[in-house]
Structures are given as C-alpha cells and as structure tokens.
**Student:** 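Sending over a structure as structure tokens; questions will come in a sec.
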Amino acid sequence: MRQPLRWLWLALAVIVLDLGTKYLASGLLDYARPVEVLPFFNLTLLHNTGAAFSFLAGHPGWQRWLFAAIAVGASIGLTVWMRRLKADETLLGVSLGLIIGGALGNLYDRLVHGYVVDFLSFHAAGWYYPAFNVADIGITLGAIGLIWESLFAERRRARRRG
C-alpha cells in the first residue's frame, strides 16, 4: 500500500467526534441525572475511573495509569500494524483506525480528567446497559471489523487467487 497510514484520518475523526460530544455532555447534562431521549435511551453523564463496564473503578487510582499505558501501547502497536497493511486490506485499515481513535479519545479523558466521560445509556425493562461514549463505539466497531476480517478475509483472498 502506498499510503498505509491513510486510515489515521479516521482515528482523528473518532477523536474529534468523541471529545466534542463529551464536551457537550459535560456542559449540558447534570451528573447522574438521566435525560430521556427515547423510552429505551437516556443521556446520562457519568465518570468512569475504570475500564469497560467500570472494571476496577473502585480502586484508589492506579488503574488510571494502567489503562493509559494500555491505550498508548495498543495505539502504537495498531499503528505499526496499519503501516504494514496491503492495498486490499481496507476493512482492516478502517477497523484499526476506529480502535486507535477510540483508545486515544478515552486516553485523553484519563490523562486530563482522571476518568472517562460516559453519557450514552440504553435500558429496557429495568435493565441498564453500562453507559458508554463515542470512543467506545469506535473501539467496538473496530473490534467487530477485526473479527469479521479474521473470519472471512482468507476465503476472499482464496477466491481472488483461484
């Protein structure tokens, strides 16, 4: 691929959208006071000092640096991987860009605030899915893309060769 890092624009887009929406949520929402948007969806400002599903959130603060180091290491590793992509690995490039953007969006929060700003809250029949943000969406979509690529890319390449 002539420009293997071309997908970093997608990472930048995720970061800008993530930080912009977190800024708006922090400025417009009261902490932990849900604003109903749809019967199954609220905007609820929350601060997560842990990882996904508030994993390790109850600890005294060391997890902030652990998760920051993981985000930096993952972003560097995924960027190196992106640099080695072939021209036909578009889904892989998009997936890596989404994950890098999400990781760096949440990294910014951890370093600047000491917590990650979450505000998207889905619920049904009294059950609440843990609140999340745009960076988490990027990471999740990127992970789905990586899984898809790992399951179906070899078949696609074999069809092209044969």
**Student:** Ignoring hydrogens and angles, tell me if any N or O in the side chain of S26 forms a donor-acceptor pair with the backbone of Y23 under 3.5 Å.
**Tutor:**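 Not confirmed, S26 side chain does not pair with Y23 backbone.
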**Student:** Show, in sequence, the C-alpha distance, side-chain angles and deciding distance for V35 and T44, and conclude whether the side-chain contact (heavy atoms from CB on, under 4.5 Å) test is met.
**Tutor:** CA-CA 6 Å; V35 174; T44 307; over 6 Å; no
**Student:** Looking only at heavy atoms, which two atoms of A68 and L111 are closest? And how far apart?
**Tutor:**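 Heavy atoms of A68 and L111 come nearest at CB-CD2, 4.1 Å.
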**Student:** Going from CG on L104 to CZ on R110, what distance comes out if it is rounded to the nearest 0.5 angstrom?
**Tutor:** 12.5 Å
**Student:** Taking L45 as the fixed residue, which of D30, L28, V117 is the one that meets the side-chain contact (heavy atoms from CB on, under 4.5 Å) rule?
**Tutor:** V117
**Student:** Is it possible for you to say whether V14 and I100 belong to one hydrophobic cluster, with membership spreading through side-chain heavy-atom contacts below 4.5 Å?
**Tutor:**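 V14 clusters together with I100.
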**Student:** Could you measure the distance from the CG atom of L107 to the OG atom of S75? Nearest 0.5 Å is fine.
**Tutor:**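 Separation between the atoms: 7.0 Å.
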**Student:** Test: ring-ring contact (aromatic ring centres under 6.0 Å, His included). Region: residues 97-116. Which pairs qualify, not counting sequence neighbours?
**Tutor:** H47-Y115, H113-Y115
**Student:** Is there a path of hydrophobic side-chain contacts, each under 4.5 Å between heavy atoms of I/L/V/M/F/W/Y residues, joining Y129 to F119?
**Tutor:**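 Linked within one cluster.
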**Student:** Rounded to the nearest 0.5 Å, how far apart are CE of M82 and CG of L92?
**Tutor:** 8.5 Å
**Student:** Which atoms form the tightest heavy-atom contact between P34 and N42, and what is the distance?
**Tutor:**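 The pair with the smallest heavy-atom distance is CB-ND2, 3.6 Å.
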**Student:** Might you work through the side-chain contact (heavy atoms from CB on, under 4.5 Å) test for Y128 and F122, ending with a clear yes or no?
**Tutor:** CA-CA 6 Å; Y128 284 78; F122 285 88; over 6 Å; no
**Student:** Test T90 against W7 for side-chain contact (heavy atoms from CB on, under 4.5 Å), laying out the working first.
**Tutor:** CA-CA 9 Å; T90 302; W7 297 109; 3.6 Å; yes
**Student:** Apply side-chain contact (heavy atoms from CB on, under 4.5 Å) to the pair L146 and L96, showing each step before the final yes or no.
**Tutor:** CA-CA 8 Å; L146 289 181; L96 296 174; 4.1 Å; yes
**Student:** Hey, quick one: are V16 and W9 part of the same hydrophobic cluster, counting side-chain heavy atoms closer than 4.5 Å, chains of contacts allowed?
**Tutor:** no
**Student:** Could you list the residues that satisfy ring pair (Phe, Tyr, Trp, His ring centres under 6.0 Å) with F40, not counting sequence neighbours?
**Tutor:**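 Scan of F40 (ring pair (Phe, Tyr, Trp, His ring centres under 6.0 Å), adjacent residues dropped) gives none.
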**Student:** Nearest heavy-atom pair of A135 and K22: which atoms, and what distance?
**Tutor:**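 Reported closest heavy-atom pair: CB-NZ, 4.4 Å.
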**Student:** Side-chain heavy atoms under 4.5 angstrom apart, residues restricted to Ile, Leu, Val, Met, Phe, Trp, Tyr: same cluster for V116 and Y31?
**Tutor:**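 Result: no, two separate clusters.
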**Student:** Hydrophobic clustering (ILVMFWY, side-chain heavy atoms < 4.5 Å, transitive) - are I76 and W65 grouped together?
**Tutor:** yes
**Student:** Answer yes if the side chains of N48 and N106 hold a donor-acceptor pair under 3.5 Å, and no otherwise.
**Tutor:**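 Side-chain D/A pair, N48 to N106: absent.
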**Student:** Distance from L141 atom CG to D136 atom CG, nearest 0.5 Å?
**Tutor:**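 Rounded to the nearest 0.5 Å, the CG-CG separation comes to 11.0 Å.
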**Student:** The criterion is ring pair (Phe, Tyr, Trp, His ring centres under 6.0 Å); which residues satisfy it with W81, sequence neighbours excluded?
**Tutor:** none
**Student:** What's the separation between atom CG in L91 and atom CG in L85, rounded to the nearest 0.5 Å?
**Tutor:**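 So the CG of L91 and the CG of L85 are separated by 10.5 Å.
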**Student:** Restricting to non-hydrogen atoms, name the atom on V134 and the atom on L120 that form the minimum distance, rounded to 0.1 Å.
**Tutor:** N-CD1, 4.4 Å
**Student:** What distance do L46 atom CG and N133 atom CG have between them, rounded to the nearest 0.5 Å?
**Tutor:**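 Interatomic distance, L46 CG to N133 CG, rounded to 0.5 Å: 11.0 Å.
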